[in-house]
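Model, not experiment: these values are computed from the prediction. Convention: sequence-line order gives letters A, B, ...; per-chain numbering from 1.
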Protein chains: 2
Amino acid sequence: MAGKITIQDIAQLAGVSKTTVSRVLNERPDVNPETRERILQIMDQQGFFPSLAAAGLAGGRSRLIGALVSVSHWPLIPEIMKGITEVIDQSPYELVLYSVNASNDKKDFSEVIDRILATKLTAGILAIYPGQSASHLAELCREGFPVVMFDDQVNPPEDISWVGADQRTGAYEATRHLLQQGHRRIAHIQGPLKYQVSLDRYNGYCDALTEAGIELDPELVLQGDFMPTGGKECTTQLLTALGKRPTAIFVASDLMAYGALSTITECGLRVPDDIALIGYDDIPFSMHAQPALTTVRQPFYEMGKCSIELLLRMIDPPETKVRSWNHKSALRPQSDIAAPVLPMSPVHIKLSTNLVVRASCGAIQPVQ
Amino acid sequence: MAGKITIQDIAQLAGVSKTTVSRVLNERPDVNPETRERILQIMDQQGFFPSLAAAGLAGGRSRLIGALVSVSHWPLIPEIMKGITEVIDQSPYELVLYSVNASNDKKDFSEVIDRILATKLTAGILAIYPGQSASHLAELCREGFPVVMFDDQVNPPEDISWVGADQRTGAYEATRHLLQQGHRRIAHIQGPLKYQVSLDRYNGYCDALTEAGIELDPELVLQGDFMPTGGKECTTQLLTALGKRPTAIFVASDLMAYGALSTITECGLRVPDDIALIGYDDIPFSMHAQPALTTVRQPFYEMGKCSIELLLRMIDPPETKVRSWNHKSALRPQSDIAAPVLPMSPVHIKLSTNLVVRASCGAIQPVQ
DNA sequence: CTGTTAGCGCGTTCAT
DNA sequence: ATGAACGCGCTAACAG
């Protein structure tokens, strides 16, 4: 409810100097317990919160985390955000949202990144599906700026931390499931090949085929765009291929699977009876599709949580927790180019996906 | 690319004082055009951006906008955000995202609001579906703090600005459409009655019925929770009601409509042949449902855009644009309680919805 | 038109 | 264990 009380005010009410108040604010151990209590009480009795802006300025750090999201991935964002905000809520940090237009994929992202850096607003960056900008981010990373990629770029700069999901295994399991249902002609609709995930999923598909001793039929592999429209187009192509229609399709995204579903239905065919379908992502809606979509679940919520936790750890290394203040001083004393403080070597976390079997793959009778 | 250059640096390179640099930064008219050009050039040649934190601190204002979103509305958020971020991108402001757990509906929201206020981090608040916290927000508003509600609370505090959609008309049109298809027994699955939108939509439904001279059958109106599960439950109830099954259902949210759809299908009935269905919202997925869902489109993107534009205008009144700097000074000179600067009377904007006719209502043959 | 002088609210040295 | 003084990067008064 309160408005704009400052450290100063608290200091007066408590009959101490602002320095002392500042100390309890920063949880310094060297404050008289009684004084601390008194100050603490006055603080929340007055509803006092320190100004993030001023604290950041003075302390040379910031309590803001920048989250970069490209609009083209919006359908996946809610779940991710849920994980992220949950962690942020428990921390002293706030989230600044930077949205990037997918249009000029490369340029836009970098531009925003530069701006973020230059305004020195945020203490770190969480880049959600940065795509082509990965290399730009890696550079930052090398300069010691905390960055975590939410993605699956397995080959790019190894010196950047990321959290992703095990795409290849996920795709493998999906395909194998289809194989186990007796399917032999299994098509695959890929995502754009410029994304590593598309490759990974394709490889998983191949793995399963190989394992089953089935030769890859190039005609059954089409490249889509991760969007419903692409799914429709590829499916149409698949269905009109004379004579040798697939009996199952492993689609590299739920969104494309929706497109496939409608195309199949419009052609008078039925899922899963005529064609079995498995998607990828398990976005919230997929369980409500008709028929419910079997899909590979990416643990978005967990990934979000994990990535932000990692970033927070990079920014505030846990440091042995005990009497650490004495050494904390000197924040880049007078060096011109910031001395890389990078306290952790890059961390790569790959969470596992798992197959969610529903009606669209034919393994389940539409019960319940 | 650059790192941490300051106004100071620019000033030196340009051979002027920081004050002058600051002036061009703030687009003051009183700077020598040549000097301005030179400085401008040096600035972006050095990739300089002023520190938001410092600028905010010094100027007594902030370049951050707080966006409050409750997690229970995530499915609708992406579209809204798209509109919001697009506007933000074109402005000197950044977006701080505050996520609120829906659990303690009331308490959580207010808590966050207080914190936002206290940290003085943001220049204004955009509250997306604040629900029960509306009154708390109104209070802020009265104190002169810029607030805009993204919502449809028609009855609550009139002194708070909001942008919403014309729910009643939307519902009316949907119901009328069903009526025009010849349906007489039209059920309605409502949202929770604690929300104004639920009432509005219900009223629209009644309007259409009344207009058609049909008496309202209370048994055909059920209260859901806006979620798929609620849709399923209500639909089940509707279908098992002996003897007098409705031939059409107007569902107050797409999410609930998905639940209805699956329940109907599971009962061996078909949409739209046995039961016609119309949803509400037109969330991105609805066009890909099977059958494609007829629904009332809420212009989320436009509403997002509109609401943030309104907020920005409240924060920076357009002021006649010409030579306004002279008077801009004195930001609450020495008053203790901030003198309400509130430059605009509350604005209420209601955008219109529109019926998107697809397959689920039976008006269109599954062509294309 | 431009430079000079003060702070904004806080963290962080030094002292004590 | 505590206080005084200085500065973070910038804007805002005041003089020239």
* Phosphate contact (C:dC1 OP1 or OP2) by B:T35 side-chain N/O below 4.0 Å -> no

* Structure fact -> Per atom distances to the B:D30 side chain, the nearest of C:dT12, C:dT2, C:dG11 is C:dT2

* Using the test salt bridge (Lys or Arg N to Asp or Glu O under 4.0 Å), find all partners of B:R36 that sit at least two apart in sequence or belong to another chain. => none

* Mind checking A:T6 for me? I need base, sugar-phosphate or nothing, with any heavy atom below 4.0 Å counting as a touch. => sugar-phosphate

* Proximal nucleotide (of D:dA1, D:dC10, C:dC10) relative to the A:F48 side chain -> C:dC10

* Structure fact -> From the candidates D:dG9, C:dC10, D:dC10, the one with an atom nearest any side-chain atom of B:L57 is D:dG9

* Looking across every strand, which nucleic acid part, if any, lies under 4.0 Å from A:N32 by heavy atom: base, sugar-phosphate, or nothing? -> sugar-phosphate

* To do: Not counting sequence neighbours, which residues clear side chain to side chain donor-acceptor pair (under 3.5 Å) with A:S91? List them please.
  => none

* With pairs taken as Watson-Crick or G-U wobble and both distances under 3.5 angstrom, which stems of at least three consecutive pairs involve DNA chain D? -> C:1-3 with D:14-16, C:6-16 with D:1-11

* Give the ring-plane orientation class for A:F150 versus A:Y129, where under 30° counts as parallel, over 60° as perpendicular and anything between as tilted. => perpendicular

* side-chain hydrogen bond (donor to acceptor under 3.5 Å, both in side chains) contacts in which one or both residues fall within residues 9-20 of chain B, not counting sequence neighbours -> B:S17-B:T20

* Show your working on salt bridge (Lys or Arg N to Asp or Glu O under 4.0 Å) between A:R23 and A:D30 and close with a plain yes or no. => CA-CA 8 Å; A:R23 279 198 257 261; A:D30 49 352; 5.1 Å; no

* For residues 8-17 of chain A, which residues have at least one heavy atom under 4.0 Å from DNA chain D? -> A:V16, A:S17

* With distance as the sole criterion, do the side chain of B:R23 and the base of C:dG3 form a donor-acceptor contact below 3.5 Å? -> yes

* To do: Report yes if at least one side-chain N or O of A:R28 is closer than 4.0 Å to OP1 or OP2 of D:dA1; otherwise report no.
  => no

* Looking at residues at least two apart in the chain, or sitting in another chain, which of them share a side chain to side chain donor-acceptor pair (under 3.5 Å) with B:S62? -> none

* Could you check which of D:dC10, D:dG3, C:dT4 has an atom nearest any side-chain atom of B:T19? => C:dT4

* May I ask you to decide if B:D114's main-chain N or O and B:H136's side chain share a donor-acceptor pair within less than 3.5 Å? => no

* Considering only NZ, NE, NH1 and NH2 on the basic side and carboxylate oxygens on the acidic side, decide whether B:R63 and B:E94 come within less than 4.0 Å. => no

* Asked: Counting any heavy atom closer than 4.0 Å, what does B:T20 reach on the DNA or RNA strands: base, sugar-phosphate only, or nothing?
  -> sugar-phosphate

